Structure formats: C-alpha cells, structure tokens
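Let me begin by presenting the structure, written as structure tokens, before commenting on it.
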Amino acid sequence: MPGGDLLVRGGTLVVPEGTFEADVLIEDGTIVMIGRGLSPAGHEVLDARGMLVLPGVVDEHVHMREPGLEYKDDFTHGTMAAAAGGVTTVIEMPNTLPPVDDADKLRRKADLLSGRAYVDFALLGVLHDENLDELEGMLGAGAVGFKAFLGPTTGNIPPPGDGSIYEALEKSSRLGFTVAFHGENWDLVRMFTERVRSEGKVDPLAHLRSRPPVCEEEAAQRIALYARRTGGRALIVHVAAAEAINVVRRARSDGVEVYAETCPHYLLLSADDYERYGALMKVNPPVRERDHQRELWRAVNDGTIQTLGSDHAPHSREEKSGDIMSAAAGVPAVQTFLPLMLDAALKGKMPITKIPELMARNPARLFGLYPKKGSLSVGSDGDLAIVDPKAEWTVKAEDLYAKHPMTPFDGLRVRGKVVYTILRGVVVAESGRVAISEPRGEWVIGRT
Ligand code: DOR
Ligand code: ZN
C-alpha cells in the first residue's frame, strides 16, 4: 500500500535522548526530513503546536487471538484498538490455534492477518520441546523472534525442557534473534495451584497465592544462567516480582544479554485492588503487593526494565467472570497502553523520554525492526503518536475496540490524550477513534 505524504508542524518531538521542537516531513510513508521551519511544498500539513510528537508505539506483546480463538477477539478488533491508542506496530504472540511452531504455520498466519491489520504487525514463533529444528525455517519465513512459555497460561503450550532452552539460546547467540520467555516455573505453579485448590478457598487473593514470587525467581535465574553461558539474548516478559527483577539487574551488570519487560497493570495495580476487581484483573503472572510495584518502578527508572509491553490478552465475558481460580488470565490492554503510561509520565512517575525508549526503540531493536520501526529519524517509517499533554479524559471500557470490552481501568481519569496516530504518513486514528475505512497495516519482517 502506498505511504502518505504529511508535514507535521510545530510539535515537540520526544525521543529517548530528550525533547526538542521540530517539524517532521513524511514522504511516501518515510520520514525524509526533521527540522525547524520546513515548508509544506504541496504536502498536507498537520498542526502539532502544543503537542508532543512521539514515535508510534511498538507493542512487543499482544495476543490478538487469530486464528482459532476468534470468540475471544480477532485481529481486526485488536489492531483497531492499537491504532486508537497510538500503537503503530504490534508483535503478535504465537499462542493461537494452532500454535505457530513451524514456517508453514507462520506463513499461513501472516497471510490470514494481512489485509485485516489496521497497524503494522510482526510475528513470533513458539519454542517448545519438539520444534527446535524449526527455528531457522521460521526465521526464514519472517519470524522476528520466538516465545517460550515456561509457565502454564492460555493455550497450555508445554514448556521447553532445559536442553531445548539452552540450545535455543545457543542459536540465538549464533543467529542474533531474541527469545522471549514467559518466566514462571511450570512445576512450582502446578504445586502451589493444587495447594490453593485443596484449601477450597477462592477469595480474591487465591490466584496471587497460587503463583508466588519464587515461580518467577526460579525461571529468571535459569534464563539468566543459560543466557550467560551461551551468549544468547533473552527477554523475560511481564515481570511482576521484585525477586525476578533482582536476578535481571545482577545478570545485566555482568554484561549478560538478559532483558526485562513489565506491563502497565503491574505498575498501576496492586494486590489491594483484587477485592474490587476480582477476576477482571487476573493475569499471569499475577499483579502482586505494593512492595513489588515499587521495585518495578525503581527498575523502570534505573534501566533494569528495558521494555514495556501491553500483554493485550482478551477473553470472552464468560471466561472473565466467576471465581478467580477458574477465570481466564488476561485483559484487553493495547488501547490503554500508551494512555496509561503517558498519564504516569506526565504525573512524574518516570521521565517522558522513557516512552520512546521502552515502548518504541528498545522493543524494535530486540526484534530486529529498528530503525525502520521505533525511531523518529530520517529514513524511518513515518509512524507517529501525537499527544496533547494538557488534555484530561476518562478511560471507558465501552470505548475499547475489543469484542468483549473490559478493563480494570474503566473510569480512571488520565492526563495526556493521543490525538493522532499516524501510520507511514497516514492518519489512521484521531481522538481515540479509527479514522480509515480500510485496513492498511502491513506485515513487517525483521532483521536479526
Ligand atoms: O495473563 C496472561 N494472558 N498471561 C499470559 O502469559 C498469556 C495471556 C493470554 O494469552 O491470555
Ligand atoms: Zn502475554
């Protein structure tokens, strides 16, 4: 699809290194010039005075449920939600049906999703015990990395054993790809879950007790050890426990290529909220006590946490109701991802420059999409999120594009509004609503 031409004039650019006023000229979908006082020369002009101009968010962690789980949500709804929330690239997880575990399934998934995408997308393959030989094939077919589910969660994909993890990280070292890990120890989760179930109590904190921090700590230690010994690159996604953060901090200070991601729900909710939200805020790993939340913020600010992901994980309303132990884990989150983190930054929880760093540049780098994606620079795709930092508004579940719109942030008053989402020079959403009638997102293939 041809890219657009657009001059974004007078905004304040926000990049990892700082903020500065400049115009951005996009031609045929690519940023061709950044500077003061650029003249339109026939291009459409978007007045961004008083606004922040951020790189479009690269959400490295979404589960858009297609193929196979469309009753939960689908790619059309998911990518419309992304566009509405300032996300211009999503990296889609492989726990769909069938799980994406070989080149053929990856190609078929890409074919299916192309033509339905309202934003650009990249695909991960899964790593399990039976498909180590398929990794090169999946890379060749366009996978930008791999995901290994060490703990049980939606899809119940069996975890790779230690030998497979080690060998995958050896390949990572050789070929340069990233392995993303769901970092919980399967057997410990199973044991603690059985223990909680045998107590027969399904109070709102039961899910939290069924997955204590040691589950994350053990997995993080194993991942960090294998990354250290192989030289491979590991990203531990949705870190919720302070203990796991400490493992990552120590390993990183020794130069090990281990990265940590956390998500807005771990930064903004705590165990105190289970009473109020119950299964609505159930995610794996669980949202933990305030001490953990404090450590996560510290890690965002000291550089231990290198990326943020939304972990957009929609389910049907039925699956999210009932008692917390039997409810599904995950919430639709891609649309609220940038708004929630903007609000946090504008209220001083982290510098605003952490947004382009943790939500655009770093994820794009880890998955071989940089600098085409995740960067406000000449030669990069013209993907922008333009934000009014003074606007205040209220998050409403009913405004979500998800098939089953639900969020624990319903009713939350936030600062900073995504006014325009621009995908390769074209305004794809305005003031939280999708502004194009046909999808124009494309499949992006990485470079490891
Ligand atoms: O809460 C979660 N939901 N955590 C995961 O790891 C998977 C996700 C899903 O796919 O539902
Ligand atoms: Zn996830």
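All values below come from the heavy atoms of this structure, side chains included, with hydrogens, waters and symmetry mates left out. Treat the numbers as computed from the prediction; the structure is a model and nothing was measured. In listed order, ligands and their atoms are each counted from 1.
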Atoms of ligand 1 under 4.0 Å from any heavy atom of H182, numbered from 1 in the order shown, are 6 (O)

| message | Salt bridge or not between D111 and R108? Use side-chain N to carboxylate O under 4.0 Å. | response | no

Ligand 1 atoms nearer than 4.0 angstrom to some heavy atom of H238 are 6 (O)

Within the stated cut-off of 2.8 Å, is an N/O/S atom of H238 closer than that to the Zn ion (ligand 2)? no

Discussion item. Tell me whether the count of non-hydrogen atoms from other residues, nucleotides or ligands lying under 6.0 Å of CZ in R276 goes above 12.
Written reply: no

Report task. Look at the N, O or S atoms of H61, main chain and side chain alike, and state whether any lies under 2.8 Å from the Zn ion (ligand 2). Result -> yes

Quick note on ligand 1: atoms under 4.0 Å from a heavy atom of A313 include exactly 3 (N), 8 (C), 9 (C), 11 (O)

Would R209 pass as a cation-pi partner of F192, given that its NZ or CZ must be under 6.0 Å from the six-membered ring centre and within 45 degrees of the axis? no

*If you measure from the Lys or Arg side-chain nitrogens to the Asp or Glu carboxylate oxygens, is any gap between R288 and E295 under 4.0 Å?*
no

The closest protein heavy-atom partner of atom 1 (O) of ligand 1 is N284 N, 2.9 Å

The single option from D383, D59, D381, L423 that satisfies side-chain contact (heavy atoms from CB on, under 4.5 Å) with T89 is D383

Looking only at non-hydrogen atoms, the one of R65, M93, M64 nearest atom 10 (O) of ligand 1 is R65

- Message: Check the orientation of H182 and F149. Use parallel for under 30°, tilted for 30 to 60°, and perpendicular for over 60°.
- Response: tilted

Ligand 1 to G330, heavy atom cutoff 4.0 Å, flagged ligand atoms 1 (O), 3 (N)

Taking only non-hydrogen atoms of H315 and a 4.0 Å limit, the atoms of ligand 1 in range are 11 (O)

- Message: Looking only at distances, can you tell me whether any N or O atom of K282, backbone or side chain, sits closer than 3.5 Å to an N or O atom of ligand 1?
- Response: no

Quick note on ligand 1: atoms under 4.0 Å from a heavy atom of N95 include exactly 10 (O)

Heavy-atom closest pair (R413 atom, T394 atom, distance to 0.1 Å) is NH1-OG1, 2.9 Å

So for T153 against ligand 1, with non-hydrogen atoms under 4.0 Å, the contacting part is side chain

Whether W443 and F121 hold their rings parallel, tilted or perpendicular, with breakpoints at 30° and 60°
parallel

message = What I want to find out is whether K282 reaches E319 closely enough, with some N-O distance under 4.0 Å, to be called a salt bridge.
response = no

NZ/NE/NH1/NH2 to OD/OE distance under 4.0 Å, R250 and D254
no

Ranking P285, A333, A329, G151 by closest non-hydrogen atom to atom 2 (C) of ligand 1, top hit is A329

If we number the atoms of ligand 1 from 1 as shown, the ones under 4.0 Å from a heavy atom of T154 are 9 (C), 10 (O), 11 (O)

The atom of D311 among N, O or S that is nearest the Zn ion (ligand 2) is OD1

